Amino acid sequence: MPVKVHNRTIFWQQILQRWGLSGRRGVLTIIDEILNGVPVLLKMILNSWNKVIPVRCFTSAFEQTGGGIMYQRAADILRSAKRVTAFTGAGISVESGIPTFRGKSGLWNRYDPKFLDINYFLTFPDECWGRIKEIFYDFFGQAKPNAAHYALHELEAMSLLDVVITQNIDNLHQEAGNSTVYEYHGTARFLVCMECGKKYHVSEVDLIKLPPCCISCGGILKPDFVFFGEGIPEPASSMSALEAEKSDVFLLIGTSGKVTPACYIPYMAKENGARIIEINTEASAYTHAISDVFLKGRATEVMEALMETLEGM
Ligand code: APR
């Protein structure tokens with residue numbers, strides 16, 4: 001007689017009781033390892049059981065997210081955490097229409113990143129501003145927060161998230177409502193004069209005539225985000241290092257872990273005993289190195305499923 005699926009964890013408990021296997025955690029962890037180890041093998045077994053158990057409900061879980069049990073583990077970790085930091089990269093904004101930098105459809109496949117090199121910018125500001133306006137203002141400027149950004153705001157409202165450290169310069173975490181956001185690579189929302197240091201909100205600057213100049217001293221304005229060859233701004237740099245010390249859970253979303261020094265922060269957190277939950281459409285530099293739970297999939301879908309699991313507890 002096929003079993004009615006309330007939620008996958010309960011489903012497995014029923015199967016285990018049926019097999020006379022007790023002690024939830026130990027057994028589930030074994031199942032976890034098996035599930036993640038050999039989805040294909042399991043699928044073959046399931047196919048042979050087709051008459052007994054509806055295969056559909058198994059395959060979708062395994063194939064899409066590495067099993068609902070991984071969600072249960074992620075939810076348990078978040079619920080039992082003292083301090084949670086979300087560490088986000090370009091991947092969280094992909095579903096807002098902003099491409100990643102690396103990977104097949106990454107920006108660096110279409111544009112030579114030299115226009116974001118500070119020395120090249122200082123030498124050829126006109127040429128660089130042409131590219132900068134096209135990508136970061138005409139294009140990025142239209143982006144809106146997506147379900148993953150809003151889920152982080154909801155986590156904050158549920159007191160399950162304290163801080164967001166982002167490598168993104170798109171201001172979407174703040175637009176989604178998160179109150180503490182450290183912009184590790186700065187922001188496109190402000191421009192700064194290279195001569196007198198005066199800051200302008202982008203809405204105050206006319207980007208028709210390029211390069212835009214400072215109305216006080218005539219100096220060239222530069223977007224207030226980190227160019228290659230520039231240091232990490234304060235307070236983002238020291239506050240992020242502090243969070244890597246204080247937080248006992250880091251939630252990594254959509255980052256390849258390839259850009260230094262930002263990519264060191266999750267390793268520092270791990271070294272300080274933090275547990276790492278990772279969300280990415282594919283394995284990153286962190287997945288087999290420090291991640292305790294890897295939820296494979298698009299940030300919006302995974303965060304929605306994680307919120308469901310948290311709300312179901
Ligand atoms: N959901 C979740 N993850 C995704 C999604 C998605 N929809 N789409 C892509 N990803 C993942 C990719 O698999 C990749 O691991 O997002 C990651 C994006 O990697 P990068 O493009 O390297 O971006 P990131 O890690 O944020 O690099 C950061 O690079 O050039 C600099 O300053 C720039 O802040 C940027 C920095």
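Order of appearance sets the numbers: ligands from 1, and atoms from 1 within every ligand. For clarity, every value in this text was computed on a predicted model and none was experimentally measured.
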Practice task
Check ligand 1 against V259 and write out every atom of the ligand that is under 4.0 Å from a heavy-atom position of the residue.
Solution key: 27 (O), 28 (C), 29 (O), 36 (C)
Handout entry: Nearest-contact summary for atom 3 (N) of ligand 1 - protein heavy atom, Å
Key = G254 CA, 3.5 Å
Completion exercise
When distances are taken from atom 8 (N) of ligand 1, the protein heavy atom at minimum range is V94 CG2, 3.6 Å
Exercise for the section: Calculate, to the nearest 0.5 Å, the distance between atoms OG1 and CD belonging to T85 and E243 respectively. Expected result: 4.0 Å
Completion exercise
atom 10 (N) of ligand 1 has as its nearest protein heavy atom T281 OG1, 3.5 Å
Exercise for the section: Count the heavy atoms of every other residue, nucleotide or ligand shown that sit under 6.0 Å from CZ of R189, and state whether that count exceeds 12. Expected result: yes
Fill in the blank from the handout: atom 11 (C) of ligand 1 has as its nearest protein heavy atom N280 OD1, 3.2 Å
Exercise for the section: May I ask you to list the atoms of ligand 1 that are less than 4.0 angstrom from any heavy atom of G89? Expected result: 26 (O)
Practice task
Return yes when E282 approaches ligand 1 closer than 4.0 angstrom through a heavy atom, no otherwise.
Solution key: yes
Problem - Contact check, W108 vs ligand 1, heavy-atom distance below 4.0 Å - result: yes
Problem - Per-atom contacts, ligand 1 versus S256 - under 4.0 Å to a heavy atom - result: 15 (O), 17 (C), 19 (O), 20 (P), 22 (O), 25 (O)
Problem - Protein heavy-atom partner closest to atom 2 (C) of ligand 1 - residue, atom, separation in Å - result: A299 N, 3.6 Å
Exercise for the section: Just need the protein heavy atom nearest to atom 34 (O) of ligand 1, so name the residue and atom and give the distance. Expected result: Q167 O, 2.8 Å
Handout entry: Top protein contact for atom 27 (O) of ligand 1, by heavy-atom distance
Key = R102 NH1, 3.3 Å
Exercise for the section: Could I get the full list of side chain to side chain donor-acceptor pair (under 3.5 Å) partners for H288, not counting sequence neighbours? Expected result: none
Practice task
May I ask you to decide whether D112 forms a salt bridge with R131, counting only side-chain N to carboxylate O separations under 4.0 Å?
Solution key: no
Handout entry: K222 NZ/CZ over F227 ring centroid, <6.0 Å and within 45° of normal
Key = yes
Completion exercise
Closest to atom 6 (C) of ligand 1 among protein heavy atoms sits G91 O, 3.3 Å
Practice task
May I have the step-by-step check of side chain to side chain donor-acceptor pair (under 3.5 Å) for Q72 and T309, ending in yes or no?
Solution key: CA-CA 7 Å; Q72 198 53 55; T309 308; 5.6 Å; no
Completion exercise
Sequence neighbours excluded, the answer for salt bridge (Lys or Arg N to Asp or Glu O under 4.0 Å) partners of R79 is none
Practice task
Return yes when atom OH of Y264 has more than 12 non-hydrogen atoms of other residues, nucleotides or ligands closer than 6.0 Å, and no otherwise.
Solution key: no
Exercise for the section: Please name the residue in the list I132, I220, L221 that meets the side-chain contact (heavy atoms from CB on, under 4.5 Å) test with P211. Expected result: I220
